[in-house]
Amino acid sequence: MFAKPTSTAERAAFYQRIDKESLTPLWEVLGALVIPEPKSECVPAHWRYATVREHLMEAGRLISAEEAERRVLVLENPGIRGRSSITHTLYCGLQLILPGEVAPSHRHTQSALRFVVEGEGAFTAVDGERATMHPGDFIITPSGAWHDHGNPGGEPVIWMDGLDIPLVRMLDASFAERYPEKTQPVSRPEGDALARYGMSLLPVNYEAHSRTSPLFVYPYGRTREALDTLFRHGPVHAAHGARVQYVNPATGGFAMPTIATFIQFLPKGFRGDASRATDGTIYCVVEGSGRTKVGDAVFDWTPRDIFVAPSWLPVRHEAASDAVLFSYSDRPVQQALGLWREETGSGFRPFT
Ligand code: 1HN
């Protein structure tokens with residue numbers, strides 16, 4: 001759209017001279033800076049669970065959760081290797097905690113989500129309350145909250161971590177500290193947050209002390225029931241199936257200030273319309289099998305697989321069996337800044 005002017009020897013010499021003073025001519029780079037529509041360096045990518053799990057189990061033999069601080073294999077977008085990023089703004093990892101292990105308590109300004117993929121018996125502790133993790137549970141560690149994990153059970157437990165690490169890094173706003181002890185004290189019984197904030201009731205005079213949902217565990221059983229009802233009573237979206245977003249019950253907004261989280265049900269035989277949005281999205285398969293086309297890539301997925309759809313590439317889901325997909329993106333950030341755009345079905349205007 002913005003064409004580069006022709007180069008001349010005189011201009012090139014000028015650029016070289018000013019380069020020494022950390023100056024560069026805008027007209028040489030404008031076309032790459034301000035592009036007519038998003039064209040991400042990130043690429044569509046798919047990680048099969050069986051493969052990653054094998055490597056994660058090997059990591060389990062090489063290093064303890066305690067020595068590693070967190071025993072995680074980071075899923076790096078192949079288009080931007082070396083930046084611990086799955087999209088430009090978001091991080092994704094798979095974390096393993098073995099029976100008897102503890103991942104020590106710490107806190108940081110980065111917000112984190114956990115989506116449990118395998119195993120029973122581990123817990124995560126957030127600001128004095130423990131949550132026993134079950135597959136499919138969505139759990140939040142708010143910015144600034146002390147958190148540690150433990151596995152007093154008898155089997156390995158694995159979950160997906162989603163954090164806003166690249167975003168916070170871009171803003172140079174990272175602070176972190178260790179808790180003086182390995183684990184934080186328990187100050188509230190398990191289920192306290194769910195009773196206080198997860199029953200469509202709020203304590204009177206409730207005052208938010210954070211931008212993150214006070215409900216930090218969204219158990220899968222309840223979510224799954226809701227999805228089932230949504231699907232059975234319809235309507236089902238032509239592109240997204242029966243898709244819901246996790247909300248902060250105190251505001252109705254997204255559960256986290258920087259990360260949106262979604263879950264969707266795709267009935268057996270679903271062949272979705274294409275849709276695209278400016279928020280690159282990470283999907284984790286919860287149930288079922290199917291196929292998703294992202295741009296020109298085609299991913300055949302089965303439970304616990306993770307795949308990523310970069311910004312603005314068309315996404316089309318098909319389900320071979322009843323399927324459930326969890327997903328997350330930076331949508332709250334884009335919406336807060338008035339940048340978010342979505343095109344689905346017909347009709348789309350970037351400027352209104
Ligand atoms: C972190 O605190 C966790 O608490 C997981 O489990 C992954 C990646 C980078 C920075 C902090 C956790 C993380 C992390």
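First listed ligand is number 1; within each ligand, the first listed atom is number 1.
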If you apply the rule side chain to side chain donor-acceptor pair (under 3.5 Å), what do you find for Asp164 with Gln110, and how did you get there? CA-CA 6 Å; Asp164 53 9; Gln110 290 83 358; 6.0 Å; no

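Note on residues 200-219: no pairs pass salt bridge (charged side-chain N to carboxylate O under 4.0 Å, His left out), not counting sequence neighbours.
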Short N or O separations between ligand 1 and the protein, below 3.5 Å:
unit_1   : atom_1 : unit_2 : atom_2 : d
ligand 1 : 2 (O)  : His106 : NE2    : 2.6
ligand 1 : 2 (O)  : His108 : NE2    : 2.8
ligand 1 : 2 (O)  : His147 : NE2    : 3.2
ligand 1 : 4 (O)  : Arg70  : NE     : 2.8
ligand 1 : 4 (O)  : Arg70  : NH2    : 3.3
ligand 1 : 4 (O)  : Arg114 : NH2    : 3.1
ligand 1 : 4 (O)  : His147 : NE2    : 2.9
ligand 1 : 4 (O)  : His149 : NE2    : 3.3
ligand 1 : 6 (O)  : Arg70  : NE     : 2.9
ligand 1 : 6 (O)  : Gln95  : NE2    : 2.9
ligand 1 : 6 (O)  : Arg114 : NH1    : 3.0
ligand 1 : 6 (O)  : His149 : NE2    : 2.6

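Ion pairing of Asp161 with Arg114 is present here, as a side-chain N (NZ or NE/NH1/NH2) and a carboxylate O approach within less than 4.0 Å. Between Glu69 and Arg178 a salt bridge is recorded (basic side-chain N to carboxylate O distance below 4.0 Å).
Scanning all heavy atoms of the two residues, the minimum distance from Asp148 to Ser105 falls at OD2-OG, 3.0 Å.
For Tyr197 and Tyr206, the ring centers sit closer than 6.0 Å to each other.
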